[in-house]
Structure formats: structure tokens, C-alpha cells
*Asks:* 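Could you have a look at this structure, given as C-alpha cells, before my questions?
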Amino acid sequence: MAQHKPKQSIRTVWWEEDEQSVAVCLIDQSLLPQQVSYLKLRHEQAIAAAIISLKVRGAPAIGVTAAFGIALALHRLWRERGAALTLSEAQEHVNTVSELFRRTRPTAVNLFWAVERMQRRACYAIDQHCSLQDLVHQLREEAQAIAREDFDACMQMGMYGAALISDGDTLLTHCNAGALATAGWGTALAPMYVAHNAGKKIHVFVDETRPVLQGARLTAWELQQAEIPLTLITDNMAGHFMRRGEINAIFVGADRIAANGDVANKIGTYSLAVLAHVHHIPFYVVAPRSSIDLKLSTGEHIPIEQRSSEEVTNVHGVAIAPAGVHVANPAFDITPHLYVTAIITEMGITRPPYDVALRSLCSDWVPQKQAGVQGKATTF
């Protein structure tokens, strides 16, 4: 397959800095597709609020955003306090802000991975008796490295996943696992972008993804921008098209993958996996290694975020259910590993038995834990 490098036309999260201040910039996903609007956030509280309110979402993207938020928080405090700020106070502030971001969303392990990595970098720098200015610089560089690595991982996942897509395939995806969910081209959508840019003719069925409609609002918009043919369907139509033989493969992302290969992803993923299993359709999970949580033996231990009832009873502020109705709104579900055909990471395609394969995949992975490791100068 020819390797064509796709264009990166959608910027989800990036860092801006001038002589006066710094900002973490986001595309406001809560307004898409009706309005393309960008936010410049200059305080860690505003960044945390943006994660909670889904102005930025997608497991890799919120990890990158939290990393930028920690870097910004220290930079802001250093600008305010100057020479009066001590290293001890700086470290306490980093730890406090890290807890702020940990409390935003509980399911996506990328968030916790990125926060812990930023804390490790701070501890290492302080142990080396760095100056405050150098500590600020090192945290900014670490956040940039996390973003850069996610961009590169998306490229690799796209190349590996595209090899599983044949010319003429009709694919199905759920929620949004594209550029809007990452610092690059996405996870589940990256193979589609690579296949499309290589000249393969594909068609993508997009689940609308209730209750927040990330498929209808975000994935459909993304694919239109890329000029990839698509059909938007309601979530409960997927089985109909599978039974008719109209779906060749399913690609989804992941917010957390347990050691045995169980997958936490947007609510509704489990139903798709069961239907795919019944209809003998390949079910692929695409996620970076930062989504793998080897500390959890099975998916039963993955915390499931419970979100506001208003997301179910209202659509864009319009009530669609009677007042006072009892609502359940789990944001994610668990897909057992036995329904997963393969897990695609930046390292390649992993197949069962996952309990062995995932540990082997992560056994030698030490992503820039040491402060002396520097990457390219790409800026996000």
C-alpha cells in the first residue's frame, strides 16, 4: 500500500505563548458542527471545566489538555509570584493542580497517565535542583512531548489499521475517535484517513451516538471535511445493516483497556461488539498504549463515569422527556475481550490472547520518564 501522509487540518488542542501570557487553545467541540469556535484558556480551572463540559473530549485529547493545563498552572503562578515562589511551593502547586485534573473524568486512563507523567517530570527536575524558570520550561516541554507523541502514535495506528481495510469496504464507527479526540488524526478514524488518502474507496457508517451525539455532530463533520463518503445512522440501526451484510468491519476507540483486553469505550460499544460477533464481522479497537491499564486485571474494575440526566432528557437545550423522569446515564460500557478481533496500537496489531500480548506490548515502554530525554521541536 502506498504511504500517503494525510493533512492535519483540524487542531484540537495546542499551546500558545507570548511575552505577556500563555494559553491552552481548544476547538470548542460543544458547538460543533453549527459553529467552529476556538477557546484561549489562561487558567487551570477553566481548562478543567472545559474537560468536564466536553468542550474538549476524547481520551488522548484530554490527557494532552491536562498536561498543558499543569504546565500552564505553574507558568501562571511563576509569572504572578516571581522570585518569591519557592521550589517547594511550586511542587505543591503542581500536585494540587494534578488532583484538580484527576477529578475531571474518571474513565479515560490517558488522563491519569499524562498527569502522572507531568508529576514525575516535576519531581525529577526538582531533585536535580533546577531553577524555577527551568522547572517551568521543563513542564512545558514535557506537555509538548506528550502532544507530539500522540500525533505520531495516531499516524502509526492509521498505517497499521489501514492494512485491515480493503478497497470497497463499508466500515462502521461509534462516537468520535478522530482528530477531535486526539492531538493527531485520531485513533479509530486514522486508518480510514490513511486508506482514503491511499486511494482506497471506502464508505463509513456513523452511529449518531446518543446521548451527546458525538457521531452525528463530530465524526460526520470530520469525515465531511476529509471528503470521505459516509452515512449517518441512529444507534439502533446498526444491527439492521449488519444483518443485511452491508458492514465489512467496525473500528472503535477506547478510553481504557484492561490487562486482559476488556475495553471501556463510549456507551453503546458493547452492543455493537455483540452484534458484530453474531454476524462474524471484525471488531477492531484502536488506541495508543497510554490507553492500556495493566494495573486492572479485567474491565470489571474500570470506573464508569455517570453523567448528568439532562444529557438524556434534553437535546441542545430542548426537553424531549417528561419532567422528573428517572434517568440512567453511564458514559461508557465494557466490551469483553472475547468480542475484540484485534487491538491496534502505535506498535502494531495485537491479537488474542490479550493478557499475554498486552503485557509484552508494554513491557519495554518507558515514555520519556527521564527529564533529559528531549524530542523534536514541533509545537502544539
Side-chain angles (χ1 to χ4, degrees), residues 13-26 39-53 55-56 60-106 108-150 183 290 295 365-380:
V13 53
W14 67 99
W15 176 275
E16 281 193 3
E17 182 172 348
D18 56 34
E19 293 182 358
Q20 282 72 43
S21 65
V22 299
V24 175
C25 302
L26 309 168
L39 304 171
K40 282 190 175 184
L41 306 178
R42 303 183 187 276
H43 197 285
E44 58 271 19
Q45 292 285 352
I47 298 168
I51 294 173
I52 293 169
S53 62
K55 294 181 186 299
V56 61
I62 63 176
V64 172
T65 302
F68 279 143
I70 293 168
L72 177 141
L74 183 60
H75 193 287
R76 179 188 60 77
L77 188 65
W78 176 60
R79 284 276 182 96
E80 290 176 1
R81 297 277 305 278
L85 182 66
T86 67
L87 278 177
S88 177
E89 290 172 330
Q91 185 167 33
E92 182 179 357
H93 187 63
V94 167
N95 291 337
T96 298
V97 174
S98 296
E99 287 306 311
L100 168 70
F101 284 110
R102 282 193 181 94
R103 292 194 299 269
T104 55
R105 301 196 67 189
V109 73
N110 312 64
L111 170 66
F112 301 92
W113 170 84
V115 168
E116 289 167 9
R117 180 165 159 180
M118 293 295 287
Q119 287 183 292
R120 284 198 304 267
R121 183 65 178 250
C123 287
Y124 183 89
I126 291 169
D127 287 347
Q128 298 299 308
H129 308 290
C130 68
S131 67
L132 273 170
Q133 183 173 358
D134 189 45
L135 178 61
V136 169
H137 173 77
Q138 288 199 38
L139 287 190
R140 181 190 66 197
E141 289 300 303
E142 191 72 9
Q144 293 279 17
I146 290 171
R148 181 172 56 250
E149 290 165 23
D150 186 59
S290 58
K295 297 188 295 294
W365 186 42
V366 186
Q368 287 192 312
K369 286 186 180 180
Q370 299 302 316
V373 178
Q374 300 295 328
K376 298 175 289 185
T378 307
T379 299
F380 286 80

*Asks:* More than 12 heavy atoms of other residues, nucleotides or ligands under 6.0 Å from CD of Glu92: yes or no?
*Replies:* no
*Asks:* Please report the shortest heavy-atom distance between Gly69 and Val24, naming the atom on each side.
*Replies:* N-CG2, 4.3 Å
*Asks:* Taking atom CZ of Arg121 and atom CD1 of Ile126, what is their separation to the nearest 0.5 Å?
*Replies:* 12.0 Å
*Asks:* Test Glu16 against Lys40 for side-chain contact (heavy atoms from CB on, under 4.5 Å), laying out the working first.
*Replies:* CA-CA 9 Å; Glu16 281 193 3; Lys40 282 190 175 184; 2.9 Å; yes
*Asks:* Phe101 versus Ile70: any side-chain heavy-atom pair under 4.5 Å?
*Replies:* yes
*Asks:* Side-chain contact test, heavy atoms from C-beta onward, threshold under 4.5 Å: evaluate it for Val94 versus Met118 and give yes or no.
*Replies:* no
*Asks:* If you take all heavy atoms of Arg42 and Val22, which pair is closest and at what distance?
*Replies:*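 Residues Arg42 and Val22, closest heavy atoms: NH1-O, 3.5 Å.
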*Asks:* I need the Glu141 CD to Asp134 CG distance, nearest 0.5 Å.
*Replies:*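 Separation between the atoms: 10.0 Å.
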*Asks:* Looking only at heavy atoms, what is the nearest atom pair of Ala50 and Leu41, with distance?
*Replies:*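 Closest approach of Ala50 to Leu41, heavy atoms only: CB-CD1, 3.9 Å.
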*Asks:* If you measure from CG on Leu135 to CG on Leu85, what distance do you get to the nearest 0.5 Å?
*Replies:*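 Those atoms lie 9.0 Å apart.
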*Asks:* Could you measure the distance from the CD atom of Glu149 to the CD atom of Gln144? Nearest 0.5 Å is fine.
*Replies:* 11.5 Å
*Asks:* How far does CD1 of Ile52 sit from CD1 of Ile62, to the nearest 0.5 angstrom?
*Replies:* 10.5 Å
*Asks:* Just so I know, are the side chains of Asn95 and Glu99 near enough to count as touching, which here means a heavy-atom distance under 4.5 Å?
*Replies:*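 No. Closest side-chain heavy atoms not under 4.5 Å.
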*Asks:* Below 30° counts as parallel, above 60° as perpendicular, anything between as tilted: where do the rings of Trp15 and His75 land?
*Replies:* perpendicular
*Asks:* Which atom names give the shortest non-hydrogen contact between Ala90 and Leu74, and what distance separates them?
*Replies:*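 Looks like CB-CD1, 3.7 Å.
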*Asks:* Assess whether atom CD of Gln133 is packed by more than 12 heavy atoms of other residues, nucleotides or ligands within 6.0 Å.
*Replies:* no
*Asks:* Can you name the closest pair of heavy atoms from Ile146 and Ala67 and give their distance?
*Replies:*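 Scanning both residues completely, I find the closest heavy atoms to be CD1-CB, 3.8 Å.
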*Asks:* If we only count heavy atoms from C-beta on, is the Glu44 to His93 side-chain gap below 4.5 Å?
*Replies:*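 Yes, close enough: below the 4.5 Å cut-off.
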*Asks:* What distance separates Asp127 CG from Gln91 CD, expressed to the nearest 0.5 Å?
*Replies:* 7.5 Å
*Asks:* May I ask you to decide if Ala183's main-chain N or O and Asp150's side chain share a donor-acceptor pair within less than 3.5 Å?
*Replies:*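 Judged by distance alone, yes, a pair lies under 3.5 Å.
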*Asks:* Return the minimal non-hydrogen interatomic distance between Ala71 and Ala143, and the atom names on each side.
*Replies:* CB-CB, 4.3 Å
